[in-house]
Structures are given as C-alpha cells and as structure tokens.
Amino acid sequence: MQARTKKILALIVVGLMVVLVAFVGVLYALVRNSSPRLPEITAFAHDRAEQIPPLAYCNLYLEDCTTGDLAELDVPPGSSLQLSLPQEIVDAPWRMLVVYQDASGQVLVQEQAHRAGETRAVTVPSSEDLQLAGVEIQLPSAVIDEQGLTQARAAWSIKTA
C-alpha cells in the first residue's frame, strides 16, 4: 500500500471514530435527560392484551405524583383476568382489591395482600353468578393516615364490566 493511501485510510478511520464518539455522547445525554417510564401491568382477558399504566403514581412520601386514566378491559361473565406484574410491583409488598357484582347488583370487595417477591402473575376469576367489575393493584407508601392505615402511593385500576 502506498503512503498516501495509508494516510487517507487513517484519516477516514479517525473521522469515523470522531462521529462514533459524538453519536455515543448525544445518545447518552438523551437517555440521561429522558423522564423515567412508569411501570405498567400487562392485562389479558377474552383474547385481548392491554398495557395498563398507573392511575396514580407517587414517590414513597406521596410527593411528585402523576395521574393517568382508568383502564378498561372487557371480561365476560365466567372468564378470568390475567395480570403480569412489572418488577417494581413484584419487588415490593402490594395489595390487590377485586370488585365483584352479583345479579342483584350487590357489590363484593375482596382484598389480597402480597409480600415482596412472592407473586409475578395473578389470575382473577369470575363466574356467571359473580361478574368481575374491577381490579386495583396498590403499592404502599411511607405515609400513615389518621386511622393508622398505610396510604397507597401507586395504583393500577382496571374496569372490567
């Protein structure tokens, strides 16, 4: 190879390295300055899957809160709702409120508490007699109300009927 060809190749390599370093720098700045993505639950029912963002999400002390919309997913009587939970919920203690409605319109609420690391997915059944009306997953905060109950800092709510 001639000296001139080697010099041109060296300049091309140096130019590519400068472009690569600039690209990595810009990419790093964009990722560092982006807002964090809120954890979502994957809900599946009646051959349909939905990503469920939080209805409300705050830090541990109920500060820096964001709010969203109530999610809706049709769960016919006798069908079940399957929930796949993100790591942020799995790694913390959490509770689930399940709301059923019978044929006369009477509402029944069940609460289930889960320990950290205990559950990654949940199946919520319904029947012809007890229609699943909704589900809410809650993460506790460090804030305790006047009755001595822990306030929820995050909630994912799904209306199913």
Side-chain angles (χ1 to χ4, degrees), residues 20 23-161:
L20 179 63
F23 176 75
V24 169
V26 168
L27 186 62
Y28 174 75
L30 289 173
V31 169
R32 184 186 68 207
N33 294 332
S34 69
S35 58
R37 186 177 170 122
L38 296 177
E40 295 181 336
I41 291 173
T42 302
F44 180 80
H46 199 55
D47 295 330
R48 187 168 165 213
E50 292 282 334
Q51 290 300 116
I52 309 297
L55 177 64
Y57 195 88
C58 304
N59 70 11
L60 197 56
Y61 301 100
L62 300 182
E63 304 162 339
D64 301 321
C65 298
T66 61
T67 57
D69 297 320
L70 178 67
E72 292 188 35
L73 183 61
D74 184 40
V75 180
S79 297
S80 60
L81 173 67
Q82 297 171 334
L83 303 174
S84 178
L85 308 176
Q87 206 61 46
E88 292 85 349
I89 295 175
V90 172
D91 289 343
W94 56 278
R95 70 178 173 180
M96 180 171 67
L97 302 173
V98 180
V99 180
Y100 291 101
Q101 189 171 19
D102 66 15
S104 69
Q106 180 106 4
V107 173
L108 170 69
V109 179
Q110 295 178 348
E111 181 177 337
Q112 301 171 7
H114 296 265
R115 294 189 299 262
E118 179 181 76
T119 308
R120 180 173 260 322
V122 175
T123 299
V124 183
S126 73
S127 67
E128 296 292 334
D129 299 330
L130 276 179
Q131 167 68 33
L132 181 61
V135 174
E136 183 166 287
I137 304 260
Q138 300 176 345
L139 287 178
S141 71
V143 178
I144 310 245
D145 67 12
E146 307 81 43
Q147 288 86 25
L149 301 173
T150 304
Q151 298 269 316
R153 71 177 187 89
W156 292 260
S157 296
I158 307 168
K159 181 179 183 248
T160 59

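Throughout, residue positions are numbered sequentially from 1 according to the sequence presented. Just so it is clear, the values below take in all heavy atoms, side chains as well, and ignore hydrogens, waters and symmetry mates.
Side-chain N or O atoms of Ser80 include none that pairs as donor or acceptor with a backbone N or O of Thr123 at under 3.5 Å. In this structure, Trp156 contributes its side chain and Pro39 its backbone to a donor-acceptor pair below 3.5 Å. For Gln131 (side chain) and Val75 (main-chain N/O), a donor-acceptor pair under 3.5 Å exists by modelled atom type.
The two atoms that bring Ser126 and Gly78 nearest to each other are OG-N, 3.3 Å, heavy atoms only.
The closest side-chain heavy-atom distance from Arg48 to Asp74 is not below 4.5 Å. Using a 4.5 Å heavy-atom threshold, the side chains of Trp94 and Leu85 count as touching. Under the 4.5 Å side-chain criterion, counting only non-hydrogen atoms from C-beta, Glu136 is not in contact with Ile158. Between Met96 and Val124 the shortest side-chain heavy-atom distance falls below 4.5 Å. Looking at heavy atoms from C-beta onward, Leu38 lies out of side-chain contact with Pro53 at the 4.5 angstrom threshold. Counting heavy atoms from C-beta outward, Pro86 and Ile41 have side chains that approach closer than 4.5 Å. Between Leu132 and Tyr100 the shortest side-chain heavy-atom distance falls below 4.5 Å. Using a 4.5 Å heavy-atom threshold, the side chains of Tyr57 and Arg153 count as touching.
Counting only N and O atoms by type, the side chains of Thr42 and Glu50 include no donor and acceptor under 3.5 Å apart. With 3.5 Å as the limit, one finds a donor-acceptor pair spanning the side chains of His114 and Thr119. Using modelled atom types, one finds no donor on one side chain facing an acceptor on the other under 3.5 Å when comparing Ser127 with Asp129.
More than 12 heavy atoms of other residues, nucleotides or ligands sit less than 6.0 Å from atom CG of Asp145.
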Yes or no on side-chain contact (heavy atoms from CB on, under 4.5 Å) for Leu97 and Glu111, after CA distance, side-chain angles and deciding distance?
-> CA-CA 5 Å; Leu97 302 173; Glu111 181 177 337; 3.6 Å; yes

